[in-house]
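Inspection log for the structure reproduced underneath, given as structure tokens.
Position 1 is the first residue of the sequence, and the numbers go up from there.
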Amino acid sequence: MTSGFSGVLQLTDLDDFITPSQECIKPVVVEKTPSATGAKIKIQDDGSYVQMNDVGQAQKLQRVDITLSDCLACSGCITSAESVLITQQSQDEMLRVFENNKKLKEAGNASEAKLIVVSISVQPVLSLAARFGLAPQDAFSKLSGYLKSIGADIVLDMTLSEDLSLLESENEFLERFRSKLDGSKAILPMLTSSCPGWVCYAEKTHGSFILPYISSTKSPQQIQGTLVKQYLANTKGYRAAQIYHVTVEPCYDKKLEASRSDFFSQTEDSHDVDCVITSLELEQMLTSQNLSLAEVPPSDIDFPWLEGSSCVEQAPYRGTLVRHRGTGSGGYADHVMAVAAQELFQESDAQFNFKVLRNSDFREAILEKDGQVVLRFAVANGFRNIQNLVQKLKRGKCPYDFVEIMACPSGCLNGGAQVRPQEGGLQKELTAHLENLYEGLASHNPKSNPLVQEIYSWLGGAGSDKTVANLHTSYHAVEKMNTALNIKW
């Protein structure tokens with residue numbers, strides 16, 4: 001399968017996209033084979049290379065694979081994971097694991113099979129619902145049915161991990177802002193970290209300058225990975241390495257995030273997320289089978305969290321597709337601002353709206369008290385707005401306390417791996433339709449979820465060392481390597 005580039009960077013006019021063919025500086029060990037002096041290399045019609053020896057015999061040369069881990073260690077390209085051969089983050093690899101599991105079970109070796117868990121984000125569900133003309137909840141249950149029909153054992157929503165990501169972002173911001181009120185040094189604005197395209201760009205382009213501003217809270221995908229590989233594994237009697245965890249996401253760059261070494265356990269020899277499949281790849285899988293999602297028998301979304309506990313019955317959702325207040329990218333700015341207004345300034349009924357400024361992808365909201373602006377939040381989508389924001393930070397002229405940042409214009413509902421408009425359709429119209437579908441979902445407040453407190457109890461309480469270790473991460477500046485290989489002549 002050949003996937004297209006992420007729309008994250010292609011939809012801008014900025015000259016900040018570098019393909020590996022232009023500046024890939026990954027050192028590669030080449031095994032030399034004895035050959036006569038003057039051997040010639042020829043390019044075949046299929047693009048492969050062959051070496052011709054002195055008697056005219058051809059030897060096909062080995063193809064070099066560059067993994068996602070290599071890409072993360074390299075400073076030569078920015079968010080170009082889609083152009084690299086991704087050997088462990090493809091639908092082919094996922095289907096291979098599913099098929100191998102099926103064969104083990106059929107052969108009576110179920111104990112050797114993995115527990116296959118698939119976690120689905122809300123944005124791909126809406127994308128596929130629009131593609132196949134389904135109501136969002138119907139698309140959700142049919143997607144669960146399809147995934148189980150091809151080998152998934154458990155299909156989960158990601159509401160719990162989204163809740164935890166919002167609450168940890170809230171706690172982190174309150175701690176930073178209170179330091180400012182106390183006169184201590186506070187690193188503000190706090191910039192969200194759930195978009196891997198933005199994080200990769202920040203690490204490789206602005207490095208040590210920008211990283212302290214970025215929230216350390218894990219994205220919902222990686223919190224879900226922690227819950228599946230640790231909490232769920234323990235309750236089901238599995239080791240982390242015995243679980244194959246797939247996430248369904250709206251963005252190719254989520255594959256890059258899942259491959260970070262920070263999210264790999266040496267002890268368990270396991271990634272928190274083993275494979276990321278996108279909306280577009282699921283559409284391609286269905287199309288290759290001449291199958292419409294509308295034709296698939298539905299199946300319930302599983303809800304294994306704290307089975308047998310009374311708080312499961314108290315949960316305001318049970319495998320139901322819900323939304324959080326604010327943007328379709330998770331609503332970080334809206335949620336944190338509402339809590340900050342209450343906790344910091346006792347404004348429980350504060351009314352604030354994010355107003356469009358220079359363009360529809362840059363919006364801000366302010367909270368005033370006694371005639372003074374006490375909170376200023378923003379939402380910045382797309383690399384044009386991101387670069388403008390970073391330049392203001394560097395000049396010391398950024399007025400914001402908190403900024404929700406997403407690399408894709410219009411945010412995650414318009415992710416680079418969402419299903420494209422059908423013939424004659426426009427991307428802008430499709431994105432507007434997805435936003436309407438999102439607004440039509442039942443609103444969910446993370447503080448109303450009793451499962452959250454149960455998870456915090458398991459972690460030793462909010463703010464505990466175990467909570468920080470499991471729900472937070474760190475980012476790393478990637479130094480530019482000045483070698484002859486990456487000089488642009």
Any donor-acceptor pair under 3.5 Å from [X] side chain to [Y] backbone:
X	Y	value
Ser265	Ser270	no
Gln224	Asp157	yes
Ser141	Asp138	yes
Asn101	Lys114	yes
Glu203	His476	yes

### Task
List the steps and the verdict of side chain to side chain contact (heavy atoms under 4.5 Å, CB included) for Ile154 and Val228.
CA-CA 11 Å; Ile154 296 174; Val228 168; over 6 Å; no
If you define the side chain from C-beta out and look only at heavy atoms, does anything of [X] sit under 4.5 Å from [Y]?
X	Y	value
Tyr244	Val117	no
His433	Leu437	yes
Val296	Ser149	no
Leu321	Leu126	yes
Thr217	Leu471	no
Leu167	His335	yes
Tyr201	Gln387	yes
Leu147	Val246	no

Out of [options], which one pairs with [X] under the side chain to side chain donor-acceptor pair (under 3.5 Å) rule?
X	options	value
Gln221	Glu162, Glu257, Lys254	Glu257
His324	Thr159, Asp163, Asn445, Asp334	Asp163
Tyr332	Ser169, Ser165, Ser215	Ser165

Separation between [atom1] of [X] and [atom2] of [Y], rounded to the nearest 0.5 Å:
X	Y	atom1	atom2	result
Ile405	Ile386	CD1	CD1	5.5 Å
Leu293	Leu134	CG	CG	5.5 Å
Thr278	Gln123	OG1	CD	13.0 Å
Trp198	Leu389	CH2	CG	7.0 Å
Leu357	Glu364	CG	CD	4.5 Å
Leu451	Tyr456	CG	OH	13.0 Å

### Query
Any side-chain hydrogen bond (donor to acceptor under 3.5 Å, both in side chains) pairs touching residues 459-471, not counting sequence neighbours?
Gln230-Asn470, Ser464-Thr467
### Whether Phe173 and Phe177 hold their rings parallel, tilted or perpendicular, with breakpoints at 30° and 60°
tilted
### Task
Return the orientation label for the Phe402 and Phe377 ring planes: parallel under 30°, perpendicular over 60°, tilted otherwise.
parallel
Does [X] come within less than 4.0 Å of [Y], counting only side-chain N to carboxylate O?
X	Y	result
Arg239	Asp269	no
Glu268	Lys229	no
Asp262	Lys218	no
Asp361	Arg384	no
Glu99	Arg96	no

### Task
Please say whether more than 12 non-hydrogen atoms of neighbouring residues, nucleotides or ligands are located less than 6.0 Å from CD in Glu175.
no
Which heavy atom of [X] sits nearest a heavy atom of [Y], and at what distance?
X	Y	result
Thr226	Asp272	OG1-OD2, 4.0 Å
Asp302	Leu156	O-CD2, 3.8 Å
Asn414	Pro409	ND2-O, 2.9 Å
Cys408	Asn381	O-CB, 3.5 Å
Ser208	Ala477	N-CB, 3.6 Å
Val122	Tyr438	CG1-CE1, 4.2 Å

### Derivation and outcome, side chain to side chain contact (heavy atoms under 4.5 Å, CB included), residues Met158 and Glu249
CA-CA 11 Å; Met158 293 179 66; Glu249 296 286 352; 3.8 Å; yes
Could you check whether [Y] and [X], counting side-chain N and O atoms only, form a donor-acceptor pair closer than 3.5 Å?
X	Y	value
Thr327	Glu404	yes
Ser219	Gln222	no
Ser119	His245	yes

### Query
Are Phe303 and Tyr317 close enough that their ring centres sit under 6.0 Å apart?
yes
#### Entry: Option from Arg376, Arg176, Lys180 for which salt bridge (Lys or Arg N to Asp or Glu O under 4.0 Å) with Asp401 holds
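Among Arg376, Arg176, Lys180, the one meeting salt bridge (Lys or Arg N to Asp or Glu O under 4.0 Å) with Asp401 is Lys180.
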### Worked check of side chain to side chain contact (heavy atoms under 4.5 Å, CB included) between Val118 and Ile277
CA-CA 10 Å; Val118 181; Ile277 295 298; over 6 Å; no
### Task
Give the C-alpha distance, both sets of side-chain angles, the deciding distance and a yes or no for side chain to side chain donor-acceptor pair (under 3.5 Å) between Ser90 and Glu93.
CA-CA 5 Å; Ser90 67; Glu93 174 65 13; 5.8 Å; no
### Task
For the pair Leu191 and Val403, evaluate side chain to side chain contact (heavy atoms under 4.5 Å, CB included) and give the outcome as yes or no after the intermediate values.
CA-CA 5 Å; Leu191 311 176; Val403 187; 3.8 Å; yes
